Amino acid sequence: MSFPLLTATAALPAIGAIATAAVPAARRTAAKWLALGVSLATLVLAGVVFARFEPGGDRYQLTESHAWIADFGVRYELGVDGIGVALLALTALLIPFVILAGWHDADPLETNSSRWRPTQGFFALILMVEAMVILSFVATDVFLFYILFEAMLIPMYFLIGGFGDRAHAGSDENAAAQRSYAAVKFLLYNLAGGLIMLAAVIGLYVVAGSFSLSEIAEARANGSLEMATSTERWLFLGFFFAFAVKAPLWPLHTWLPNAMGEATTPVAVLITAVVDKVGTFAMLRFCLQLFPEASKWATPVIIVLALISIVYGALLAVGQRDIKRLIAYASISHFGFIVLGIFAMTSQGQSGATLYMVNHGLSTAALMLVAGFLITRRGSRLIADYGGVQKVAPVLAGTFLIGGLATLSLPGLAPFVSEFLVLVGVFSAYPVAGIIATVGIVLAALYVLVLYQRTMTGPVREGIGGMPDLKVRELAVALPLIALLIFLGVFPKPVTDVVNPAVQHTMHDVQKKDPQPEVEAAK
Amino acid sequence: MNPVNYLYLAALLFTIGASGVLIRRNAIVVFMCIELMLNACNLALVAFSRMHGNLDGQIIAFFTMVVAAAEVVIGLAIIVSLFRSRHSASVDDASLMKL
Amino acid sequence: MENLIALLVAAPLLGAAVLLCGGRRLDRAGHWIGTALAAASFVTGVVLFTDMLGRGAEDRALHQHLYSWIPVEGFQADVAFQLDQLSMTFVLLITGVGTLIHIYSIGYMEHDERRRRFFGYLNLFLAAMLILVIADNYLLLYVGWEGVGLASYLLIGFWQHKPSAATAAKKAFLVNRVGDMGLSIAIMLMFTTFGTFAFGPVLGATGDTSEGKLTAIGLMLLLAACGKSAQVPLQSWLGDAMEGPTPVSALIHAATMVTAGVYLIVRSGAIFNGAPDAQLVVVVVGAVTLLFGAIVGCAKDDIKKALAGSTMSQIGYMILAAGLGPIGYVFAIMHLVTHGFFKAGLFLGAGSVMHGMNDEVDMRKYGGLRKYMPVTFVTFGLGYLAIIGFPGLSGFFSKDMIIEAAFAKGGTEGWILGSVTLLGAAITAFYMTRVMLLTFFGEKRWQPDAEGHEPHPHESPKSMTIPMIVLAFGSVFAGGFFSIGDRFMHWLEPVTGHDHGHAPVSAATVTAATMVVLVIGVAIAWAMYGRKPVPAVAPRGSLLTRAARRDLLQDDFNHVVLVRGGEHLTRSLVYVDHTLVDGVVNGTAASMGGLSGRLRKLQNGYARSYAVSMFGGAAVLIAATLLMRAV
């Protein structure tokens, strides 16, 4: 038996989490370095997975399979396809930056013992989330995936509720109340989605008699597993609801601005760039693969919801007064694009959506983490408290601008490639939807540039003068992300090569063919 | 004598016991009423045993007596310690369980 | 030879990267690095040009395929360049004028502590603009298209500490984004229609599709062109863009970037040729903008904004010519090149004037400057003569051709367009004469500023005057050079095609008419501003004047409808999100809480009430059992 590479990639951060939590309270710095080292080692393993993955090979590679709960046919089954490997790499890549950016976010506050915060716990929880997310990207057993999908809520709950943003406008008590509100809302919202999914998972088992993704998909493909139309639709809705909460799709989005606003910026990045990707990833992997007919049946409604997300998220981002909430609403708009690309059911749309997940992770991380550095300096999240930062901290302003430009999908930066692919993919299947979605790119320019103008330009405001520019640690976070954004914008081939075959499999699952160009169709 | 009459008596005793549990506040009286209900059950079980001609009912009645004896021991102990701490045997005074 | 094409882009791109990432230690050499790399790009362009001249007209186009950019099933986007005569013309204009303006900026930005960054942005602009004109497919063109938008944004807002500059930059980017939306929809339409968006296959297959599709693509391309080239209805950003440093206005907002729309339409000629309806809209947009820009230019007292109005109007000429189809493509590009020379020269002259006048831009505070700035006066004057179409100078040839082409469109349409272009020529003569008279003639009108500093007008340093002189040469001779033996037409014809149309009147008549309206325009301006002293504070003016000062109320319209409306929309949506969408969520939570609060009351802690429910429950159970048995 070969070395269980996928298990190792997921287990390493899990073990690292336990080890980090076990570091004695006084050795705070050691815990940080340990966590960073573990996340880097995980990145190396993820790199090995990426390198070992053969785009032209089997659909699921590096597979592992062990009996787990034999009575219910639950197996510990792992395997990556092109989509999973891309997202696994993204997760492993982002975590070191998250840890590095949050270096001081969990430091105890001077002598005030009532606000003591367990540093070790913060980093251990981040690693725990990483382990679960990685495992959920490679799980090919529906039940195993479900357990991870739910279990990752627990560390996230503590990360949001336990480690709030210091830059809160109100009093400490007020901040704590809002934080726990956000954490509970996050938890309940996602649990509600998860419970409905649980019902659907059980229903699927009753119908299919198995939890194995590959077995069910194969049985569906060769016709040995017939599902009544209404059964398939109900099961699809059960799964989709959970993923739509996680993604999040309008109108199930309201937990995200609260959670991202109240959490520290690294945790906010963790939510939107990593954990939420599990939702959109699962739409591609489970909804389309297990319930192709129901997916096609629901497509019109989902496309409308995605369009609303795009425009609505962008408009609300324009109207925000809080930097972090603005980025949260921008993310809602971007998730609309991802869902749109998935359900356009064209090669371009789905490749674009997968690429979008990766690129959105990078661009949001760049923008949000730099915004976090800014917020830490001034101690306020309100846009109105800033102005003229460009004059005193040009490097900070420059990196912020590049993050913003990536968010508005400027050509030359990575998100442009994916956004354009999604638009083309949608347009070729649903022209009107494609045109409405392009409105999103104008609105994106509006909220990004308004944010930049209000915070960075103009005369230097009170409280901004003397603001230090980015330090070495912060540069180590911002610059690699920017380099990646540029690299993947100019040369996205390494990712598209991996993603394309997987997308062709999915297209085959839903039995859809790309629309023919008019000129060729005529010939 | 028609065994059904015993059943009527059992029902009567049970009703008296139940009303006592519901109406009286003194813990001792409530306790005695519970015993009354148990014994009403025993009577019914024995009567059924007689009617059906097998021993199942009598065996269960024995079980009930054992349980009742154990219950008396624990119940009285609780009532005594309650009385000691509160100087009252009223069941309504012991309402700390409500939120 | 084709491997050199990438070098055109690589040199300025390298400059941008080095200057923007290099940090403070490059402050002292930054401007030289930037200028040298711009010049390197120009030299590469010249080498490629001489090589191109050595080949026959039909096989002059060069192709260079760098790598496959976005390979996805059925979707092939490559990074590949195509250098044909049309691209070559632009390459020389961009790198040539670009290099001159780099040199000019060395002097103009001398006292700015962020000069290195300025040159970095200028290099970035050159790289993006070159990508735009040498891309061999629409998607790569789009990269350049947005790239120049970014460079324009950065440069308009270069003095970010001024809120007006930051706002103008944002506005320019946003309005351009609306246009970009058109371009991206056009590309998507091309993809669904032709399955590709490379120039060759798309433009070669226009015959295989319906006119409706071509019209749709054409209109979307026009929307893009309107945004980038400041045509009605997306023209409002150009006037505000004058907040940027003057070399930027000269390079980006006069000579090169704003003409990208003309390039796009001429490049997509095959599409427009198959879509007469789209062409009609193009012509209308061009004609309207031509007059719009000219009228705005007449009323502005800010020298740069007057010139910006003029730019808008001149690009209107080009768009109009491009909309005429094969009759006008060549002339659109020819006017574009000559305009590049004289308008860049005029802007540099304006910059030189401002340089000597403590950055004063109000022409009413100039006057009589010809004595103080002789070089600026002469070069500006030559540019002025060129733009109004003084016989023998560049503008005379190129504008006259467009007017002739407009008449040659034929029918009523031809007469209307011809008259509009003639009217435009008259107004051009008027407002440019006004600028000239207000700035260089009459009495001096400047006064000490609030702090008591009186401006001391002086000639600018050599680094600034030399580019002005070179551009003045171009303004004088380029048109004649291009027109002798129809050189320019023969050069471009293999790419754009050419058609003489049916001129209802002879070329000589048109030229004569142009001369007449020119004299009329100049005469009116002389009567209004030359004969009598100019008040230092603008008179209230007629209704039209006041409207024109406010950009014909377009900004007010935008403000009321888009800005205010948008603010209300977002504010109400924020409210809806909070109360309605989130309200449902919080409402669910609250009603759950309320319900459990009620249920909690049942647990009152009295043992006897529990006993009641137990007995009640037992009774109900027994009753139910009996009932079931009875049924």
Side-chain angles (χ1 to χ4, degrees), chain A residues 185 188-189 250-251 253-255 312 315-316 318-320 347-348 351-352 388 390-391 398 405 410-412 416-417 420-421 423-424 427-428 431 434-435 438-439 441-442 445-446 449-450 452-453 456-460 490-493 496-497 500 503-504 514-520 522-523, chain C residues 20 67-75 77 79 114 117 139 142-147 149-150 153 157 160-163 165-167 169-170 173-174 177-178 180-181 184-185 187-189 191-196 205 208-210 213 566-567 569-571 573-574 577 581-582 584-586 589:
Chain A
K185 195 170 180 180
L188 287 184
Y189 231 126
W250 188 89
H253 64 275
T254 52
W255 62 269
Y312 183 91
L315 282 174
L316 273 151
V318 177
Q320 293 303 313
S347 305
Q348 298 88 36
S351 290
Q390 199 275 338
K391 191 97 177 158
L405 291 173
L410 190 84
F416 167 72
V417 176
F420 200 80
L421 278 174
L423 286 176
V424 165
F427 188 84
S428 57
I435 290 170
T438 43
V439 175
I441 69 174
V442 178
L446 185 62
L449 295 184
V450 168
Y452 183 79
Q453 188 194 349
M456 299 296 173
T457 69
V460 179
V490 177
F491 194 63
K493 204 165 177 294
T496 52
D497 279 353
N500 285 340
V503 165
Q504 288 314 308
D514 288 328
Q516 281 272 308
E518 190 186 291
V519 172
E520 276 171 41
K523 277 176 188 167
Chain C
L20 293 180
Y67 61 91
S68 174
W69 181 28
I70 313 176
V72 169
E73 186 79 14
F75 180 98
V79 176
R114 292 159 73 229
R117 198 180 297 196
L139 196 65
Y142 188 64
V143 174
W145 190 266
E146 288 237 323
L150 170 68
Y153 169 79
Q160 292 184 324
H161 51 90
K162 287 199 296 187
T167 308
K170 181 189 70 185
F173 196 97
L174 281 177
R177 262 268 154 145
V178 176
D180 296 351
M181 196 179 123
S184 63
I185 294 176
I187 297 175
M188 292 189 263
L189 269 168
F191 180 73
T192 53
T193 312
F194 304 105
T196 173
D208 299 340
T209 185
S210 64
K213 270 279 162 63
E567 274 173 10
L569 179 67
T570 52
R571 227 174 273 156
L573 272 181
V574 169
D577 194 56
V581 183
D582 210 16
V584 171
V585 177
N586 285 333

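The shown structure was predicted, so the numbers you read here are calculated from the model rather than taken from an experiment. Naming convention: chains lettered A, B, ... in sequence-line order (proteins, then strands); numbering from 1 in each chain. What's counted below: heavy atoms across the whole structure, side chains too, no hydrogens, waters or symmetry copies.
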Pair C:I187-A:F427, side-chain contact (heavy atoms from CB on, under 4.5 Å): steps then yes or no: CA-CA 10 Å; C:I187 297 175; A:F427 188 84; over 6 Å; no
Heavy-atom pairs under 4.5 Å with chain C, option from A:P492, A:G458, A:G319, A:A445 with the top count: A:G458
Under 4.5 Å from a heavy atom of chain C, the part of A:L405 involved: side chain
Which portion of A:S351 sits near chain C, non-hydrogen atoms under 4.5 angstrom: side chain
Closest non-hydrogen atom pair, A:V442 against C:R177: CG2-O, 3.9 Å
Side chain proximity check, C:Y142 to A:P411, heavy atoms < 4.5 angstrom: yes
Beyond-backbone contact of A:I441 with C:E146, side-chain heavy atoms, under 4.5 angstrom: no
Validation row: A:Y312, C:D577 side chains within 4.5 angstrom (heavy atoms): yes
Separation between CG of A:L446 and NZ of C:K170, rounded to the nearest 0.5 Å: 7.0 Å
For A:P251 against C:V581, the heavy-atom pair lying closest together: O-CG1, 3.6 Å
Contact class of C:L189 relative to chain A, heavy atoms under 4.5 angstrom: both
Student check: side-chain heavy atoms of C:M188 and A:I435 closer than 4.5 Å: no
Minimum-distance pair of heavy atoms, taken over all atoms of A:S347 and C:V72: O-CG1, 4.0 Å
Trace of the side-chain contact (heavy atoms from CB on, under 4.5 Å) decision for A:K493 with C:Y67: CA-CA 10 Å; A:K493 204 165 177 294; C:Y67 61 91; over 6 Å; no
Chain A contacts, top residue of C:T570, C:V574, C:T193 (heavy-atom pairs, under 4.5 Å): C:T193
Polar side-chain atom of A:Q348 near backbone of C:E73 as donor-acceptor pair, under 3.5 Å: yes
Point-to-point distance, once rounded to the nearest 0.5 Å, from CG of A:L410 to CZ of C:F173: 5.5 Å
Trace of the side-chain contact (heavy atoms from CB on, under 4.5 Å) decision for A:F420 with C:S184: CA-CA 8 Å; A:F420 200 80; C:S184 63; 3.7 Å; yes
Side chain / backbone / both / neither for A:P515 at chain C, heavy atoms under 4.5 Å: neither
Largest heavy-atom contact set with chain C, pairs under 4.5 Å, which of A:T496, A:D514, A:V318, A:V490: A:V490
Winner by heavy-atom pair count (cut-off under 4.5 Å) against chain A, out of C:A166, C:G144, C:G149: C:A166
Structural part of A:V450 lying under 4.5 Å from a heavy atom of chain C: both
Which residues share a side-chain hydrogen bond (donor to acceptor under 3.5 Å, both in side chains) with C:T167, sequence neighbours left out: A:Q453
Residue, of C:L150, C:L20, C:V79, C:V178, that accumulates the most heavy atom pairs under 4.5 Å with chain A: C:L150
A:L423/C:F191 under side-chain contact (heavy atoms from CB on, under 4.5 Å): CA gap, chis, key distance, verdict: CA-CA 11 Å; A:L423 286 176; C:F191 180 73; over 6 Å; no
Toward chain A, the part of C:L573 with a non-hydrogen atom under 4.5 Å: both
Set of side-chain contact (heavy atoms from CB on, under 4.5 Å) partners for A:K391, sequence neighbours left out: A:V460, C:E113, C:H161
Top of C:F194, C:Y153, C:W69 for chain A proximity - count of heavy-atom pairs under 4.5 angstrom: C:W69
Which atoms of C:V585 approach chain A - backbone, side chain, both or neither, heavy atom under 4.5 Å: side chain
